[in-house]
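Contents: one structure, followed by commentary.
Computed over heavy atoms, backbone and side chain alike; hydrogens, waters and symmetry mates excluded.
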Amino acid sequence: MTLHLRPATESDIDFLLALRDKTMRQYLQEAGMATSREEYEKRVRFEFSSAQIVEFEGTPMGLFKARYDAKQNCWHIIQIQIAPNYQGLRIGSRLIGDVISKARETGATVKLSVIRTNPAKRLYQRLGFEVVGNRGAELLMAHCHDEQHELV
């Protein structure tokens, strides 16, 4: 499967709001977090300059936001959401694996947060992330540089 990443634009906002609802509503509700359109839009627009639309054959099917902080020598995976009908195809693993590879080249760390009840936590653990803290309903995770973890 050949994926294409392109910068998100204002014309993607409706797609991104619907994607957030499909992929996150259940976990947000379980955690007692807001699921209003306003809260969705606030999250979608957070670090929007880093937002990339994941496409397959010209069809938008996901969102990936990651940015590098040179001061901390750290990659932050801000958001990753893949439409339900494309989940299980290792797309998330590939996107995160690319960031981990970049981080290895410079000795950078990779950090992310995940809602405690979100099953994506298992994916992150499989890729070598460990829980390093928590912030309310979210777990803070960092990638350990261990070659034994599966990247792709």
Side-chain heavy atoms of [X] within contact of [Y], under 4.5 Å:
X: Asn134; Y: Leu140; value: no
X: Ile53; Y: Leu5; value: no
X: Arg37; Y: Leu17; value: yes
X: Gln26; Y: Thr117; value: no

Interatomic spacing from [atom1] in [X] to [atom2] in [Y] - rounded to 0.5 Å:
X: Ser101; Y: Arg94; atom1: OG; atom2: CZ; answer: 12.5 Å
X: Arg104; Y: Thr109; atom1: CZ; atom2: OG1; answer: 13.0 Å
X: Thr59; Y: His4; atom1: OG1; atom2: NE2; answer: 12.0 Å
X: Ile80; Y: Ile96; atom1: CD1; atom2: CD1; answer: 4.0 Å
X: Met61; Y: Asn85; atom1: CE; atom2: CG; answer: 8.0 Å
X: Ile13; Y: Leu19; atom1: CD1; atom2: CG; answer: 12.0 Å

Pairing of [X] and [Y] as salt bridge, 4.0 angstrom limit:
X: Glu47; Y: Arg67; answer: yes
X: Arg20; Y: Asp12; answer: no
X: Arg45; Y: Glu41; answer: yes
X: Glu138; Y: Arg135; answer: yes

Any donor-acceptor pair under 3.5 Å linking the side chain of His143 with the backbone of Lys111? no

Is it the case that the side chain of Lys65 and the backbone of Val44 share a donor-acceptor pair, with hydrogens and angles ignored and the cut-off at 3.5 Å? yes

Could you report the tightest heavy-atom contact between [X] and [Y], atom names first, then the distance?
X: Leu127; Y: Ile100; result: O-CD1, 3.9 Å
X: Asp21; Y: Tyr40; result: OD1-OH, 2.8 Å
X: Val132; Y: Ala142; result: CG1-CB, 3.9 Å
X: Ala108; Y: Tyr68; result: CB-CE1, 4.1 Å

Identify, with sequence neighbours excluded, every residue that meets ring-ring contact (aromatic ring centres under 6.0 Å, His included) alongside Phe48. none

Under 30°, 30 to 60°, or over 60°: which ring-plane class applies to Phe129 and Tyr124, parallel, tilted or perpendicular? perpendicular

Does the pair Leu63 and Val54 meet the rule for a side chain to side chain contact (heavy atoms under 4.5 Å, CB included), with working shown? CA-CA 6 Å; Leu63 167 67; Val54 183; 5.9 Å; no

State plainly whether one hydrophobic cluster holds both Val110 and Ile78, where clusters connect Ile, Leu, Val, Met, Phe, Trp and Tyr through side-chain heavy atoms under 4.5 angstrom apart. no

Kindly determine whether Tyr27 and Val114 satisfy side chain to side chain contact (heavy atoms under 4.5 Å, CB included), including the steps that lead there. CA-CA 10 Å; Tyr27 312 116; Val114 62; over 6 Å; no

Working note: Glu55 + Arg6, criterion side chain to side chain contact (heavy atoms under 4.5 Å, CB included); need CA distance, chi angles, decisive distance, verdict. CA-CA 8 Å; Glu55 293 182 331; Arg6 65 165 174 80; 2.7 Å; yes

